[in-house]
Amino acid sequence: MVSLNPSSADNAHISVRELHKIYKRGSESIDVLRGLNLNIQAGEFLAFMGPSGSGKTTLLNLIGGIDVPNSGTITVDGQRIDSLSSSALTRWRSRHVGFIFQMFNLIPVLNAFENVEMPLLLTRLNKAQRRKHVETALDLVGLADRMKHYPRQLSGGQEQRVAIARALVNDPSILLCDEPTGDLDRESANEIMGLIQRLSSEQNKTVLMVTHDPVAAKCADSVLHLEKGVLVEAIAQAQG
Amino acid sequence: MKFLHLVYANILRKKMRFFLTIGSFGVALFLFGILVAIHNGFYQGIDAVEDNRLVVRNKTSLMVFLPYSYKAKIEAMEGVEYVIPSVWFAGVYQDRKNFFSQFAIETAGWVETYPEYAIDKDQWSAFENDRQGCMVGRALAEKFGWEIGDRIPLEGTIFPGAWEFNICGIFEGNKKNVDLNQMWIRYEYLAESIPFMKGQVGWYAVKAIHTDYVNGLISRIDGEFSNSPAETKTEPEKIWMLGFVKQMGNIKLILISVGGVVIFTLLLVTGSTMAMSVRERTSEWATLKTLGYGDTLVLGLVLGESFFYAIIGGAIGLGLACLFVSKGDPTGMMGGLFTLSPDNIFAGLTLTLITGFIAGVLPAISAMKLRIVDALRRV
């Protein structure tokens, strides 16, 4: 169960302590995150909600290692990621985190197979091994028959499923989803949320999702609300 | 190698841009190839000339002859090994556009004076024994399909009339850059056939025993014939040949200027293409970095695209230049030296790679330095 209490960090999968993030725009400083504390257990599915500018995406970026905090610590499986060098953080990200974006962010000139293969090109796997992993990931998201299709030949929901396969293909322990249903119709959104739910429950992935969509948020185990850079409420939701 | 597909797919994403960029490289490298071939045509023969050779001509003009009697006087000077009387013949073979150099020469000492030519002894003996004989370079023989024993008709221009010569031999080069697009005929035959040539020569080729004698010989030869009816101007053969090139202007400066402008324009075109291409894909670079593609790899991917354009375009341009040059000098002025050597092609490929690197390096650095969160926010 997610906890906002710093003392319960010992066996947390992800532990965030006194996290501060300040953006500078010209002479103006914007405190996006203000001393945030959070413990997340492995396999949890958390949704972050809140108004625009409340720091949801910034928190996700910091936990995913694509941004660095001004102060505070982020520990994942006992490893401090806030103090890693840029190149070490890049390597860590490629092994431990899968990202799912609102706009899918697929490479338009590569087909579904090649898009999913992208993270594997950074590994030592040979071609046959990569093929096996990609086929498994695409099969998991139900797109085994669309491997040769380019993003322009897929629907929005299918594109997002390819993006999920790409996020999964390295078997990361953490999935970070930034408004994964924001660009989809309701039916596709429900499909995607069902898939993410399955990944959390069946594959024990820790899922952190930013969303404005209350229906999508209901799929999570817990919904955390942010306002002006602090967590204001944690609503534990009963499964099912 | 496993990232090649990504590079390849990216450069082909906008076909029009791909073909225009490749075309820019192709045209630039084609022009580079032609300019180098022109440079070779004018200067390569000069590079092959021995440093211990001098040319003695009439001080007034090359068109004014020198007395044959000077030969013995020059031969008697210290440091002189051979003196070869020579005359520019300027005959026309079938058509004026079939231009090639023809020299009337005395055979004695020629082979020793011009060691850059590989001459068969038997063929040379045949030439010495046939007053209507001639020797032709390999390139010239191949160009017109001539063989030993063929009789070659030439229409005289300086020395009017229909002339015929028997091919006694075909010479090659002992080193690269030797002009094999020329014909040698016998001076004796010309002097006997044209009454006003009796006792006259166009110029003397003088071989010094050693290069150390060259400067001294220049002043001694010109001093010997000063205040005579036919004063001489003596200079190293290389300088003499450069003089011909300079009569047409500063060819080197023209070639470098044209080449420089073309390459600079190519840099601007390709640099702008690469910058546009990188900027358009900001979110894709950010996505790759999010997936774990490091800064160096991103730098390499952008440079790879730039190199891809350069290699494909450059290879096409140089290939077309080779094809064009293989058809021969279209002006007929540069003879058999209008060529592209493997060194020239290697230089062209190096130039194209350097251009590709310079064009791609700034966009590559901007992609490398891209901050993921900023780039994703821009989408």
Side-chain angles (χ1 to χ4, degrees), chain A residues 21 23 25 32 57-58 60-62 64-68 85-111 113-127 130 150-152 163 166-167 169-170 172 176 178-179 183, chain B residues 1-19 21 273-274 276-302 304-306 308-309 364-379:
Chain A
K21 181 66 187 177
Y23 284 120
R25 289 216 181 106
V32 183
T57 298
T58 300
L60 216 62
N61 291 343
L62 291 171
I66 58 174
D67 203 354
V68 287
S85 68
S86 171
S87 55
L89 200 55
T90 302
R91 281 194 299 277
W92 175 83
R93 208 163 52 228
S94 69
R95 290 193 204 113
H96 299 281
V97 189
F99 288 86
I100 299 164
F101 304 97
Q102 177 183 352
M103 306 294 289
F104 327 131
N105 289 15
L106 298 177
I107 309 289
V109 291
L110 302 180
N111 62 31
F113 181 94
E114 291 160 347
N115 264 290
V116 177
E117 193 186 22
M118 292 303 289
L120 296 180
L121 295 179
L122 300 169
T123 67
R124 291 174 188 273
L125 297 177
N126 63 32
K127 203 172 178 179
R130 292 201 302 270
Y150 286 86
R152 64 177 180 279
R166 182 180 64 187
V169 75
N170 262 351
L176 301 179
D178 193 358
E179 302 203 41
D183 215 38
Chain B
M1 288 302 280
K2 55 190 173 184
F3 298 105
L4 261 187
H5 177 70
L6 181 61
V7 172
Y8 181 68
N10 274 325
I11 64 167
L12 279 175
R13 77 166 59 200
K14 294 206 169 166
K15 302 254 181 329
M16 177 68 87
R17 179 190 288 169
F18 171 77
F19 287 116
T21 311
T273 300
M274 289 308 300
M276 242 189 307
S277 170
V278 167
R279 201 164 46 244
E280 283 169 3
R281 287 181 283 149
T282 300
S283 69
E284 290 177 32
W285 298 119
T287 305
L288 288 179
K289 287 183 154 200
T290 305
L291 295 178
Y293 282 60
D295 291 345
T296 315
L297 182 53
V298 167
L299 180 93
L301 288 172
V302 180
E305 288 180 30
S306 193
F308 227 102
Y309 282 123
I365 289 172
S366 77
M368 183 181 83
K369 286 187 170 172
L370 201 69
R371 288 190 67 232
I372 300 173
V373 280
D374 294 338
L376 289 175
R377 205 177 291 145
R378 266 188 256 165
V379 177

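The sequence lines fix the lettering, A, B, ..., with proteins before strands; numbering per chain opens at 1.
- Within the 4.5 angstrom heavy-atom criterion, only side-chain atoms of Leu288(B), from C-beta onward, approach chain A.
- Heavy atoms closer than 4.5 Å to chain B are found in the side chain of Tyr23(A), but not in its backbone.
- Looking only at side-chain heavy atoms (C-beta outward), Met103(A) and Leu376(B) stay at 4.5 Å or farther from each other.
- Taking each heavy atom of Leu110(A) and Ala9(B) in turn, the nearest pair found is CD2-CB, 4.0 Å.
- Heavy atoms closer than 4.5 Å to chain B are found nowhere in Arg95(A), neither backbone nor side chain.
- Of the listed residues (Thr58(A), Ile66(A), Asn61(A)), the one with the most heavy-atom contacts under 4.5 Å to chain B is Ile66(A).
- At a threshold of 4.5 Å between non-hydrogen side-chain atoms, the residues Glu284(B) and Val109(A) do not count as touching.
- A side-chain hydrogen bond (donor to acceptor under 3.5 Å, both in side chains) check over residues 287-296 of chain B, counting only residues at least two apart or in different chains, returns the pairs Asn105(A)-Thr287(B), Lys289(B)-Asp295(B).
- Between Ser94(A) and Gly292(B), the closest heavy-atom pair is CB-CA, 3.8 Å.
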- Query: Can you list the steps and then say if Ile107(A) with Arg281(B) is a side chain to side chain contact (heavy atoms under 4.5 Å, CB included)?
  - Reply: CA-CA 9 Å; Ile107(A) 309 289; Arg281(B) 287 181 283 149; over 6 Å; no

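- Near-neighbour residues of residues 115-124 of chain A relative to chain B, defined by a heavy atom under 4.5 Å from a heavy atom of that chain, comprise Met118(A), Pro119(A), Leu121(A), Leu122(A), Thr123(A).
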